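Note that the structure is predicted; figures quoted are calculated from it, not measured.
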Amino acid sequence: MKYNQYGYLQTDFDQMIKELESINFLPDNWKENSFSDLLATLVENSVAEAKTYGAKEAKLAEFAVSENENLKDFLAKEPATISRNSFYNIALQLLGYHVGYDYDLKDPLARMKANALPYTEKEEIDRDELIKVFYRLLNTRARNGQTFIDNMAGKGYFTQFYGNNKFMYFNGKSLPVFDMSKVIREVVYVESDLDTDEDGKPDLLQVTVFRPYQSNNFKFPALYTADPYFGGIIANEKRNHNVDVNLEDATKSTYPKYEAMPTAQAKKPASEDQAATEEAVHKAAYSLNEYLLARGFANVYAGAIGTRGSDGLRITGAPEETESAKEIIEWLHGDRIAYTDRTRKHETKASWCNGNIGMTGRSYLGTLQIAIATTGVAGLKTVVSEAAISSWYDYYREHGLVIAPEACQGEDLDMLAETCQSNLWDAGDYLKIKPKFDAMQKRLLEKSDRETGQYSDFWEARNYRHHTDNIKCSWISVHGLNDWNVKPKNVYKIWQKVSKLPIAHKLFLHQGPHYNMNNLLSIDFSDLMNLWFCHELLGIKNNAYKQWEDVMIQDNLQPDIWHEEPTWNNELGKKEIYFPDKKGKLLKDGGEDNDKLSFTDQGGKVFKEAKISEGKWQYDFISGKEKWLDQQLRFVTDEFIHPVTLVGRPKIKMSLATSLPKGQISVALVDLGSRKRLTPIPKSFNDQIQELGYRFGTEVMKEFVPDKETKAKLITKGHMNVQNYADMKHAEKIEAGKFYDLEFELQPTFYRLPAGARLGLIIYSTDQGMTKRPLEDETYTIDLDKTQLIFHEM
């Protein structure tokens with residue numbers, strides 16, 4: 001597998017020397033050393049686990065330079081140069097590769113090339129070249145996917161700098177020179193301008209801070225993760241709503257309004273600054289944050305209103321959630337008051353913070369980044385938002401239908417609020433909050449309108465995309481192209497807006513479902529984020545904005561390929577139109593004399609009888625298993641003679657009649673053909689573990705790899721309420737048996753079909769994992785002459 005490395009900065013020779021000397025790797029008198037002495041010193045310094053000169057010297061005999069000579073014997077001959085092959089034999093051993101298993105001493109470059117590891121073009125390495133190749137080696141990704149200098153850090157190399165009280169940088173990134181055994185772990189309470197529990201007092205918001213002890217001496221930037229799950233989650237396996245119900249007439253929607261909660265007036269910050277009096281008992285919740293904590297970025301976590309230690313109520317997605325989460329940044333920036341405890345007697349300031357705040361986190365945590373960024377709050381310099389919701393309607397609804405996130409059938413706003421209302425765990429808070437919480441649950445259920453699934457002002461208030469003009473910070477979005485929890489439409493639609501703003505913006509699209517990517521083997525994501533945050537929060541000039549392309553997309557055929565694109569939309573490809581015909585073909589020319597075709601949907605009846613999981617149903621359904629063929633219309637292209645890449649948002653147009661005066665229609669695009677595909681979730685490489693800091697934490701590396709042979713793979717899909725045929729925001733009456741013209745977009749994609757693959761279009765109704773599962777049969781008739789599939793291909 002290639003270890004793609006986008007975070008390495010091209011560095012001139014003089015700068016290499018300065019940086020190597022600054023970390024005590026290159027001796028000050030290196031010019032006076034013989035070549036053999038210099039080589040010995042550099043190898044010895046690389047063996048960070050050996051703590052004495054004698055231990056380091058003994059290690060030299062453990063390295064082989066060729067099939068018949070170890071490094072100690074080689075150095076005894078006092079060579080004036082070293083051959084390229086001999087050097088990279090040593091280098092690979094330092095990087096964690098094993099002779100005879102991972103590579104052959106006769107040809108180390110074969111392994112270097114196979115893993116895309118950098119190497120010099122010079123056949124013979126002299127003194128100056130030795131410095132260059134060692135500098136590059138320190139910045140090369142080792143066998144565990146981490147840069148070699150980070151591997152050395154995990155073995156204690158940088159403990160020698162623990163008392164220096166300053167940041168140190170190497171190749172544009174911060175080094176782990178802060179002692180994690182002395183981390184300050186404290187809790188403070190920020191006073192809000194909200195009163196969501198309606199007790200007449202401003203809500204208090206608990207904030208947990210992890211910061212290096214040196215932050216008592218000089219200022220550090222903060223990485224803030226707005227995490228509603230941080231205080232714990234309330235699990236109720238029987239809580240989800242029943243989806244085995246008939247569709248309702250959507251015209252009966254009342255289109256509920258958003259109603260704001262009461263506000264309050266927090267005190268203004270004064271001059272008092274007492275030390276926190278409560279110690280944090282929670283552990284940091286995000287490994288990327290921990291990696292960066294060792295490198296000088298304080299970690300800040302807050303669940304905000306309704307979470308454990310905080311006042312108030314969870315109101316999923318509402319402006320109050322945004323406000324309360326934003327108020328933490330205001331405290332970090334010095335613009336809001338906080339107290340040492342809930343008595344509100346003594347003020348405490350974030351005097352350790354340099355006023356520069358970045359945000360991290362996935363899913364709900366990434367969602368709140370988008371929400372906060374759209375406020376333009378002072379101090380927020382950048383967000384790295386992973387798998388985030390940009391409109392809550394697009395999370396729980398789609399085109400007038402109730403649509404579940406993957407593996408969450410029956411969940412909704414009220415249920416997520418219950419999950420995060422962790423202040424109910426404290427008995428005193430339970431007594432105070434429970435009646436207000438019960439009332440809010442009823443309110444959320446009513447306003448979210450599970451009966452009709454229609455868009456309304458209630459959902460409009462939860463659409464962050466309307467406020468992107470307020471964004472002032474730089475932007476990174478990360479999303480899985482196979483994320484059917486937070487579906488790709490969420491990142492696609494906000495990217496179309498963010499990419500046009502006068503801010504630095506980047507997008508990573510990986511092949512995963514609802515997943516982080518900081519531990520993927522194929523890309524140096526943690527290293528890139530170190531580079532990014534150094535630029536944004538510490539002001540280091542390191543070319544972060546231009547170091548990699550604006551859009552990085554992981555390939556779906558080979559995991560070690562990342563496509564570098566200027567953006568992500570339909571314009572990357574050429575428009576193509578395909579037509580289904582009555583013989584089940586999907587054709588560019590449309591065929592002739594097409595007729596009407598029908599299928600009868602049985603809701604969840606057959607699914608229940610089958611007693612299979614939603615995932616198993618989807619695979620059998622798209623693969624064409626006979627049991628499910630009568631509940632779908634299926635159209636397939638001929639085999640492609642060359643690879644085709646689908647990009648952007650496919651669109652379906654059709655003329656449709658239903659046997660009932662209501663209906664839901666679903667469309668899926670499928671990659672057909674038996675072959676080995678990538679694993680749906682990344683495989684763990686348990687022998688490839690990264691150290692986050694010295695004796696601080698670890699991360700198991702993972703990657704999507706070719707797996708067992710499968711018959712089909714879902715590319716994308718979409719759903720629509722037939723009653724929204726004329727307007728996606730308002731339903732209209734329809735008549736049974738009458739044809740209506742529908743047009744809607746599927747979820748966006750970037751998908752490569754190899755030569756020999758076939759593209760399948762499936763038209764169906766009930767999606768067992770996402771839509772309601774009606775109890776009554778309904779027949780859907782499609783007029784093929786008025787049906788088109790439109791997509792863009794590269």
Side-chain angles (χ1 to χ4, degrees), residues 240-241 243 245 247-248 250 253 255-256 316-317 367 387-413 415-416 448-456 458-460 462-465 479-494 496 513-514 601 603 614 618 648-654 656 658 662-669 714-732 740 742-749 762-774 780:
N240 282 13
H241 299 291
V243 297
V245 294
L247 299 176
E248 298 285 348
S253 176
Y255 299 98
T316 311
T367 300
I389 298 164
S390 62
S391 166
W392 284 89
Y393 187 86
D394 290 341
Y395 185 63
Y396 284 123
R397 306 288 185 268
E398 184 181 4
H399 300 148
L401 289 177
V402 173
I403 299 290
E406 185 177 50
C408 299
Q409 260 288 34
E411 186 189 283
D412 217 318
L413 286 169
M415 298 294 94
L416 185 55
S448 62
D449 186 11
R450 280 191 63 83
E451 291 189 351
T452 75
Q454 294 299 295
Y455 196 77
S456 65
F458 175 86
W459 292 105
E460 178 81 357
R462 291 163 166 79
N463 188 341
Y464 310 126
R465 297 193 294 259
H479 215 96
L481 286 165
N482 293 292
D483 189 343
W484 294 102
N485 183 294
V486 178
K487 301 173 189 68
K489 177 181 178 180
N490 279 279
V491 69
Y492 182 86
K493 293 196 77 170
I494 201 164
Q496 308 314 313
H514 200 54
D601 178 72
E614 293 160 6
Q618 178 168 279
R649 295 197 68 185
K651 180 186 293 185
I652 189 76
K653 292 182 178 181
M654 69 173 73
L656 171 72
T658 59
K662 54 188 176 181
Q664 60 185 7
I665 197 72
S666 302
V667 172
L669 290 187
L714 177 69
I715 300 173
T716 185
K717 59 183 174 181
H719 314 85
M720 182 180 173
N721 189 330
V722 180
Q723 287 190 266
N724 288 91
Y725 72 93
D727 187 342
M728 289 296 183
K729 293 185 177 180
H730 290 276
E732 295 188 16
Y740 295 90
L742 274 58
E743 180 178 326
F744 62 97
E745 291 178 303
L746 281 59
Q747 294 290 330
T749 190
I762 302 175
I763 299 174
Y764 59 113
S765 178
T766 299
D767 187 314
Q768 306 296 341
M770 292 187 179
T771 67
K772 290 183 179 179
R773 301 189 287 235
Y780 293 84

Could you tell me if R462 sits above the aromatic ring of F458, with its cationic atom closer than 6.0 Å to the ring centre and no more than 45 degrees from the axis? yes
Y393 and Y455 aromatic ring geometry - parallel, tilted or perpendicular at 30°/60° bounds: perpendicular
Side-chain donor-acceptor contact under 3.5 Å, N724 with E732: no
Side chains of H514 and D483: any donor to acceptor distance under 3.5 Å? yes
Going through the checks in order, is the side chain to side chain contact (heavy atoms under 4.5 Å, CB included) test met by V667 and K717? CA-CA 5 Å; V667 172; K717 59 183 174 181; over 6 Å; no
Report the C-alpha distance between R450 and D412 in whole Å, list the side-chain angles of each, state the deciding distance to 0.1 Å, and finish with yes or no for salt bridge (Lys or Arg N to Asp or Glu O under 4.0 Å). CA-CA 8 Å; R450 280 191 63 83; D412 217 318; 2.8 Å; yes
Classify the ring geometry between W459 and Y396 as parallel (under 30°), tilted (30 to 60°) or perpendicular (over 60°). tilted
When you check the gap from the basic side-chain N to the acidic O, do K493 and D394 get nearer than 4.0 Å? no
Under 4.0 Å between a Lys/Arg side-chain N and an Asp/Glu carboxylate O for K662 and E248? no
Verdict with reasoning, E745 to K651, per salt bridge (Lys or Arg N to Asp or Glu O under 4.0 Å): CA-CA 4 Å; E745 291 178 303; K651 180 186 293 185; 5.3 Å; no
One should read off an interatomic distance between Q454 CD and N721 CG, to the nearest 0.5 angstrom, of 6.0 Å
Before you tell me yes or no, could you show the steps for Y764 and H719 under side chain to side chain contact (heavy atoms under 4.5 Å, CB included), namely the whole-Å CA-CA distance, both residues' side-chain angles and the distance that decides it to 0.1 Å? CA-CA 9 Å; Y764 59 113; H719 314 85; 4.3 Å; yes
Y395 vs W392 aromatic rings, parallel, tilted or perpendicular, using cut-offs 30° and 60°? perpendicular
Any Lys/Arg nitrogen of R773 or D601 sitting under 4.0 Å from an Asp/Glu carboxylate oxygen of the other? no
Parallel, tilted or perpendicular: which fits the ring planes of Y255 and H730, with parallel below 30° and perpendicular above 60°? tilted
Would the distance check show the side chain of Q618 and the main-chain N or O of E614 forming a donor-acceptor pair, the cut-off being under 3.5 Å? no
